[in-house]
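Quick notes on the structure that follows.
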2 protein chains.
Amino acid sequence: MESEDDFKEFIINGDKKFVPHLSIDCVIFGFHNNLLKVLLLKWGKIDGWSLPGGHVLRGENVEDSAYRILKERTGLTEIYLQQFKTFGKPKRTGNALELLFKSSGVNTNIKSWLLDRFISIGYYALVDFSKVMPTADWLSEKCAWHDINKIPPMLFDHNEIVEEALKSLKFAIYHQPLGYNLLPERFTLPQLQKMYETILNKKLDRRNFQKKILSLGILNRLEERMKIGPHRSPFVYSYNKEKYEAALKEGISFSF
Amino acid sequence: MESEDDFKEFIINGDKKFVPHLSIDCVIFGFHNNLLKVLLLKWGKIDGWSLPGGHVLRGENVEDSAYRILKERTGLTEIYLQQFKTFGKPKRTGNALELLFKSSGVNTNIKSWLLDRFISIGYYALVDFSKVMPTADWLSEKCAWHDINKIPPMLFDHNEIVEEALKSLKFAIYHQPLGYNLLPERFTLPQLQKMYETILNKKLDRRNFQKKILSLGILNRLEERMKIGPHRSPFVYSYNKEKYEAALKEGISFSF
DNA sequence: CCAAAAGTGTTTAAAATACACCCATGC
DNA sequence: GCATGGGTGTATTTTAAACACTTTTGG
C-alpha cells in the first residue's frame, strides 16, 4: 500500500484480487538484548497498533500469503513460519476500519468488502532480529519491535492473537529446537539460555541447561570467545544444521 | 439439507446465509471394540466419502458452527472440540462439487459460490461412541464409523485432514488426559490402555501404564467388576470429574 | 483342565535436580 | 582489587523401564 489511490482501489476492488472474509495475521518474534520482541505496526490514519497482516490472493496458497506478508515487513524470505490458530469471533475486528475510513477521508457510506466480517489465520514467525528491516507503508507510519512484556493495547483482537502465539511457542519449545531461527549464526550459551528463559518465562539452572542442550549434539563450539563486558568471555557456538534439522524432524523432549 | 429444493436454494443463495470461501471440517473420533474410529459421510449423488463439515453462518462464532455441525451428525451437544489446523491450498477441493452438481441435475453453467475456492478450518471432536446417533441427510446416503486404519480414499483433501487431526491428537495425549471424552462413563483399565495404545500406535507395558495413569489421581475404582469373557474380570473405573478438569487445566506430562 | 486375560511389586537404569567454587575481564 | 558473569562436576532424588507369576473365568 503506497498511496491514497492504492488504498481507495483496495477498499473498492480488493475483493477482486483477494479472498474476501479471510485475513492473515503474523506474530513475528525476534530476540535482541536478551529480550523476546514482536514486530508491530503503528497505523498512520488512526491511533493504534496492530500485527502485520494481509490477505490471501485468489489462487494463492495460504501459507505463501504468509510468506509474502513477512517478506513485505521484514525483507526476509527464509523464515521459520508456523500456523497456530484461526480466529473467528464474529465481532473480532470491532469498528476500527470504519474509523480508518473516516480518518482517511473515505466516504463511510461506501459498501466495502473490508467492512465485512473477517476470519483470520494466525501464523507466528521466528526471525533473526539483526537481519530484519522493519518496513512501514502508506497505511502504517511505523513498523517497530516491542518487548513481549510491553505490548500496547492493539486494534482488533490482536492482543489475544499474540497471547495465543506465545502460548503455542511455549508449547513448541518443549518439543523442538528453536534457537536456529531466533538467534544470529554465532551466539553464546548464556544467550541461548536467556532465549529459553524468556520464552518459558522462568529461570533455569545454568549447569543443567548446558548439560541438556549440549547433550542434543546439535551445537558446535567454536574456538572463538565473545568479548563482552568486565568478566570472563563466553564461548561462541553455532548450530550444526544437519543435526538441527534431524532433531526438528525427530522431535525432542525437554523437561525444564 | 433435506431435499433437492433445499440443495438448489443452498447452491444459489447459500452465500447470503453463510460466509463464502470458508468451511469447517470435523474429524469425529470415537472408541469402540478397542478400536479408534472416525465418523464419515458417504455421498449419495456422487461416489465418495468425506468428513462431516459445513459452513459458518454470517454472524456466527466459528467455534459455534463446529458445535452445530457436530450436533447435526451425532445428536450430541456436550462434545470435546479442538481446532487443530486450517487448510488453504488453492486446489484443495478439486472438482468434486462440479461432479456433484452434474449428478444432481444442476445446471453446470451456474455460477455458484460453492464452486469458488474454500479454506477449511479443521476441528477434531472426541465423543462417546455409544451415545452417538450417526445421521445422514439428503446429500449423504450414509453416515458411518470407520476404523482409523481402514479409512477409504476420500473426496477433497480429507485424507490429509484426518492425518493432521490424528497427529494433533497424538501430540495432545502426551499433555492432557483424554479418556473422559472418548470412553463411556464406566470403563476398565485394559480398555483405557487400549485407547492409549491405539492413539499412540504402540504397545504399552500393562503394569507401568497402570502405575502412571493411577498416579494422576483422576480415576475412581468402583467396587464392581466387568464380566467379559472366559477370564478374570477387570475392575470398573470412572473419572473423578473435578480432578480430571484440574489435570486438563494444569496440563500433565506423560512419557510412554 | 486349559486358554485367555487381569491383578500385582520389585529391581535396575536413566534423567532431572540441587548445589559451589574458581576463572577471566574491565574499570 | 573488586564486581560481574562464565566455566565446570558430582551427589541425590525422582522417574522410567524392564520384568513373571498367580488368579479368575468360561467352555
Side-chain angles (χ1 to χ4, degrees), chain A residues 31 33-35 173-175 177 179 183 186-198 200 202-238 247 250-256, chain B residues 31-35 173-175 177 179 183-184 186-198 200 202-238 247 250-256:
Chain A
F31 189 71
N33 279 147
N34 289 336
L35 290 168
I173 205 173
Y174 283 98
H175 306 283
L183 295 176
R186 296 155 63 265
F187 55 90
T188 68
L189 286 190
Q191 275 180 296
L192 184 61
Q193 182 174 343
K194 291 271 165 46
M195 187 197 91
Y196 274 85
E197 289 180 336
T198 312
L200 294 165
K202 67 164 126 169
K203 281 245 158 281
L204 302 175
D205 180 89
R206 196 152 35 101
R207 289 160 288 188
N208 294 334
F209 175 77
Q210 298 195 4
K211 233 181 297 171
K212 250 181 261 184
I213 209 86
L214 290 173
S215 75
L216 294 177
I218 58 177
L219 288 172
N220 296 326
R221 182 157 106 174
L222 310 181
E223 291 301 315
E224 203 177 345
R225 304 179 86 126
M226 203 167 277
K227 296 210 177 65
I228 36 168
H231 51 77
R232 191 167 183 170
S233 305
F235 283 101
V236 172
Y237 287 79
S238 68
E250 292 259 319
I252 58 185
S253 171
F254 278 112
S255 53
F256 299 124
Chain B
F31 190 70
H32 184 64
N33 280 147
N34 289 337
L35 291 168
I173 205 172
Y174 283 98
H175 304 284
L183 294 175
R186 298 156 60 266
F187 55 89
T188 68
L189 286 189
Q191 274 181 296
L192 185 60
Q193 181 174 343
K194 291 272 165 45
M195 187 197 90
Y196 274 85
E197 290 180 336
T198 311
L200 294 166
K202 66 165 125 166
K203 280 248 160 278
L204 302 174
D205 179 89
R206 197 151 37 101
R207 287 160 291 188
N208 293 334
F209 175 78
Q210 298 196 3
K211 237 180 294 170
K212 250 181 260 183
I213 208 89
L214 290 173
S215 75
L216 295 176
I218 59 177
L219 287 172
N220 297 326
R221 181 156 105 173
L222 310 181
E223 290 302 315
E224 204 176 343
R225 303 179 88 128
M226 203 167 278
K227 294 207 178 66
I228 35 169
H231 51 77
R232 192 167 181 170
S233 304
F235 283 101
V236 173
Y237 287 78
S238 69
E250 292 258 321
I252 57 185
S253 172
F254 277 112
S255 53
F256 299 124

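A note on names: the letters A, B, ... follow the listed sequences, proteins ahead of strands, and every chain is numbered from 1.
Distance alone, capped at 3.5 Å, places no donor-acceptor pair between the B/Q193 side chain and the B/Q210 backbone.
In this structure, B/I173 and B/F254 have side chains that are not in contact, with every pair of non-hydrogen atoms separated by 4.5 Å or more. Taking the side chain as every heavy atom from C-beta outward, B/I228 and B/P234 approach each other to under 4.5 Å. For the pair A/L192/A/Y237, no side-chain contact is recorded, criterion being any heavy-atom separation below 4.5 Å from C-beta on.
Atom CG of B/L219 and atom CZ of B/F235 lie 14.0 Å apart (nearest 0.5 Å). Interatomic distance, CD of A/Q191 versus CG of A/N33, reported as 9.5 Å (0.5 Å rounding). Here the straight-line distance linking atom CG of B/L183 with atom OG of B/S238 works out to 11.5 Å at 0.5 Å rounding.
When the nearest nucleotides of DNA chain C are assigned to A/G229 and A/R206 by heavy-atom distance, the more 5′-ward of the two goes with A/R206.
Remark: P of D/dG6 and CG of A/L192 are 13 Å apart, rounded to the nearest angstrom. Counting to the nearest Å, the P atom of C/dA16 and the CG atom of A/L204 are 13 Å from each other. Look at CZ on B/F209: it is 15 Å from P on C/dT8, rounded to the nearest Å. Across the protein-nucleic acid pair, B/I213 atom CD1 and C/dT8 atom C1' stand 17 Å apart, rounded to whole Å. Rounding to whole angstrom units, CZ of residue A/F256 and P of C/dA16 are separated by 10 Å. The nearest whole Å value for the distance from the NE2 atom in A/H231 to the C1' atom in C/dC27 is 13 Å. Following rounding to the nearest Å, B/L216 (CG) and D/dT15 (P) show an atom-to-atom distance of 12 Å. Atom pair B/F235:CZ and C/dA6:P shows a separation of 13 Å (rounding to whole Å applied).
Looking at the side chain of A/K212, the nearest of the listed nucleotides C/dT17, D/dT25, D/dT8 is C/dT17. The A/S255 side chain lies nearest to C/dA16 when the options are D/dG26, C/dA16, C/dA6. The listed nucleotides are D/dT25, D/dG7, C/dT8; the one nearest the side chain of A/R225 is D/dG7. Residue A/R232 has its side chain nearest to D/dG6 when only C/dA6, D/dG6, C/dT25 are considered.
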Could you list all N or O pairs between the protein and nucleotides 9-14 of chain C that sit under 3.5 Å apart?
residue : atom : partner : partner atom : Å
C/dT10  : O4   : B/K211  : NZ           : 2.9

